[in-house]
Amino acid sequence: MTASLPAVVEDWFAARGWRVRDHQRAMLEAARASEHALLVAATGAGKTLAGFLPSIVDLIGTPTDALHTLYVSPLKALAVDVQRNLLTPIEEMGLAIRVETRSGDTPSDRKARQRTRPPQILLTTPESLSLLLSYPDAAQMFGGLKTIVVDEIHAFAKEKRGDLLSLAMARLQTLAPAMRRVGLSATISDPDAYRSWLAPDADIDAVRLVTGEPGAKPDLSIFLPEDERIPWGGHSGRYAAPQLLDLIAEHKTSIVFCNTRSLCELIFQDLWAANDEHLPIGVHHGSLAIEARRKAEAAMADGRLRALVATASLDMGLDWGDVDMVAQMGAPKGSSRFLQRIGRANHRLDEPSKGMIVPGNRFEYLEARACLDAIEAGELDPEQFRPGALDVLAQHVMGIACAGPFEEGALLAEIQSAAPYAGLTPETFRRVLEFNSTGGYSLKAYDKFKRLTEEAPGRWRLSLPKIAQQHRLNAGVIVDNPMMELRFRNGRRLGKVEEGFGSTLAPGDCFFFSGLSLEVEGFKDSDIIVRASTKNGRIVTYGGQRMSMSTHLAERVRGFLADRSQWRRFPDDVREWLDIQSQRSLLPEPDQLLVETFPRDGRHYMCVYSFEGWNAHQSLGMLVTKRMENAGLKPLSWVANDYALAVSSLEPVADPAPLFSADILEDEFRQWIEDSHLLKRAFREVAVIGGLVERQHPGKRKTGRQVSFSTDLIYDVLRKYEPDHLLLRAAWEDAKARMTELGRLARLVERAADTLVHVEAERVTPLAIPLMVVIGREQAPGTTADEALLVEAEASLVEDAMRLD
């Protein structure tokens, strides 16, 4: 195939000492056959170049000044990074191909010019693409489009951003019928599901699957403390900071991944406290100001940092070849996620990436071992697709109307060609149109909700031209929690904290952020004015859903408990923990649900070991305590982790089976959702995405508190007068699926019906220790003076649990 490449491309590969890899040749073949294609290839395999190479070759052979290729990435930063990596080969080949980026940060004059004179290759995000399609000149801009490349497709397809992108691709296919769709990813377990998502009309056979050459097997390990005793409680791995710093010193460049922004700040502080050699270490997460993130990224790229402590903000796309170690603090929660993260190391296909998991407790050690075994077996996280969201559809319809009037039947057919909306019925689509034209019958008296008008049967247009500007100001599917800006008195911005945390601060309070100790000087509008301090402070907390352990890792952990032949691979303290548990209580079989009850310190405890993830256990804790209250058991509190749930009460649970009967998901679950903040929070998101509540007007942006106030008022009206409103339905789906992991909760309850095993222990059991440690710390006052008492209490707890008499 190299013989059929243009000479300039052949020469470029030769000058680099590279060969055209098999998957790159296959992508060229797919392009020449005018086929859609999905490439699944390891990081470092030249995946991005494989996606762009057919476009470069086509532009050499058939030059054009029109837009030829769209590249869509999940992150603005990724587009910038790809532009840099794409410009290098284009410049070295001396090609007259213009490459530009377009995102929310692009200057307005460049945005206007790009619509009239676009580059041949445009790098953008789903939101920016959707906005481009809302202009009347969209047909002119995209009419000659040849290819759309969707990078990191796994980061889009199952989310609302994927719904928006899928709808945008359906519109592009209408404007440019010959357009090819190309998807790129390193870590997906079900390529056929993504082929279906990528294809027009979900026609899986229309998408060629291209698999990359296998790279070197990664060098993976689990961190063990110097005394080889893994902590009983916690999930952060903070105990490892001194040893981790030694490892950073031994390597050239390291990335230390954390699962949350709060832990990211904590680990940075812990490393810095142990950093006697003053190694240059940075911090990177999504709440930091973009300037701070770019500064850290540039320092890494230039080799000026030895380590960067980061969250998912660095999960994808940044190409730093000198990274030679990746550490994951706490369990990664999924094999695909860990593979994605260790792929940040080396970026060279023929050299192994080095990755290490730092387990926070003994359950997390088992999860870490399960993760490494899954990677060894080639088992990635299962893919869970869902129907397209109706709030996203409502926004897309408004964008199409901004570009010009449309026919209802033709637009429905186009939307149904997008895989997430293949099952959309004419009746539901009509409800979406009526929502956009009235807001729903409870709101139809208000002119502000009359955004669409049916000017003739089945033909729709914008009610007023000015609505187009309002739509473009408020479009997008990422709805952040209300935020407050952090800045110094001189105006320098540091980043943002959530309003819920910011509202707890007062002048003089100190907290850690961006690796600094900051003292609050005062407040101005929605800004928090701070100054640098040397005082100890709090760690910023963030809301949102925690990522739960994936189902296939949970199954492996259950298998470890029941299969003693696996234990020889575990550290001595983990083997001892499991062995004494088997003697004092029992270790459940993979299909069993173990429930232990025991007294301690004047209270009664019930521990439920289901391994269904933190989110499902959180939901179950709320439901079970409600049932216990109704049964007169006087529940006091509960805690959950990914592995189990523990509930304390004043009265003992003699028979736990009735607490887990199947009707809990029909009665208490519905009542709990309706009475909790979950549905209201979900409604806020769908109301903003669906355009019912605007985030900003020209020259003025609403505060998060104002948006919440507006959505709460509308929510209360609809709950009372129109409970079947389209957006309430959408909010219900969000609240059930995303915030409570209903499927896993249902499986847990189903298992309980037939496989629940109740053990009445006379005292705390070994398996309960990680949960009881958390209970002890949550019940204790949070002062330094109490730390010694906590350590003493934990030692007593462990002694009681591990005693065999």
Side-chain angles (χ1 to χ4, degrees), residues 222 224-225 227-235 331 359-370 373 549 553-601 603-613 617 638-648 652-653 656 748 751-752 755-776 793-805:
I222 300 174
L224 293 177
D227 61 1
E228 295 198 355
R229 297 197 66 81
I230 297 169
W232 289 103
H235 59 83
N361 59 54
R362 297 181 186 200
F363 273 125
E364 284 204 345
Y365 174 85
L366 297 179
E367 183 185 336
R369 175 53 57 195
D373 287 358
M549 176 175 55
L553 291 193
E555 289 166 2
R556 284 181 175 272
V557 171
R558 288 193 199 103
F560 286 159
L561 297 182
D563 184 0
R564 283 180 175 266
S565 68
Q566 298 283 343
W567 296 6
R568 65 178 182 273
R569 300 191 294 151
F570 304 161
D572 292 345
D573 60 330
V574 174
R575 285 200 303 272
E576 179 191 29
W577 170 54
L578 298 179
D579 183 53
I580 294 178
Q581 169 69 21
S582 69
Q583 296 181 59
R584 289 215 41 235
S585 174
L586 65 81
L587 288 166
E589 294 296 318
D591 62 341
Q592 288 181 328
L593 178 67
L594 171 63
V595 178
E596 293 179 330
T597 54
F598 50 83
R600 184 170 181 82
D601 296 336
R603 297 184 178 186
H604 295 274
Y605 292 89
M606 177 179 70
C607 294
V608 184
Y609 305 95
S610 69
F611 303 92
E612 290 295 353
H617 295 158
W638 53 272
V639 296
N641 58 24
D642 268 326
Y643 318 97
L645 163 75
V647 184
S648 66
V653 176
L748 193 166
R751 258 202 352 270
T755 68
L756 188 149
V757 179
H758 179 205
V759 173
E760 293 184 81
E762 76 283 359
R763 64 181 190 273
V764 61
T765 66
L767 219 57
I769 295 174
L771 286 163
M772 297 297 290
V773 166
V774 176
I775 288 177
E794 287 178 13
S796 172
L797 174 77
V798 171
E799 182 182 358
D800 287 348
M802 299 293 285
R803 213 174 63 237
L804 281 173
D805 59 295

Checking the side chain of [X] only, and the main-chain atoms of [Y] only, is there a donor and an acceptor separated by less than 3.5 Å?
X: Tyr609; Y: Gln592; answer: no
X: Glu794; Y: Val773; answer: no
X: Trp567; Y: Glu576; answer: no
X: Gln581; Y: Leu767; answer: yes
X: Arg569; Y: Arg369; answer: no
X: Arg362; Y: Leu578; answer: no
X: Arg575; Y: Phe570; answer: yes
X: Arg751; Y: Ser610; answer: yes

request  = Taking only Lys NZ, Arg NE, NH1 and NH2, and the carboxylate oxygens of Asp or Glu, determine whether Arg558 and Asp591 approach each other closer than 4.0 Å.
outcome  = no
ask   = What are the two closest non-hydrogen atoms of Arg556 and Asp373, and how far apart are they?
value = NH1-CB, 3.6 Å
Met549 vs Tyr643 side-chain heavy atoms within contact, under 4.5 Å = yes
ask   = Just checking, is any N or O donor in the side chain of Thr597 or His604 under 3.5 Å from an acceptor N or O on the other one?
value = no
message = Ile230 vs Trp577, test: side chain to side chain contact (heavy atoms under 4.5 Å, CB included). Steps then yes/no.
response = CA-CA 11 Å; Ile230 297 169; Trp577 170 54; over 6 Å; no
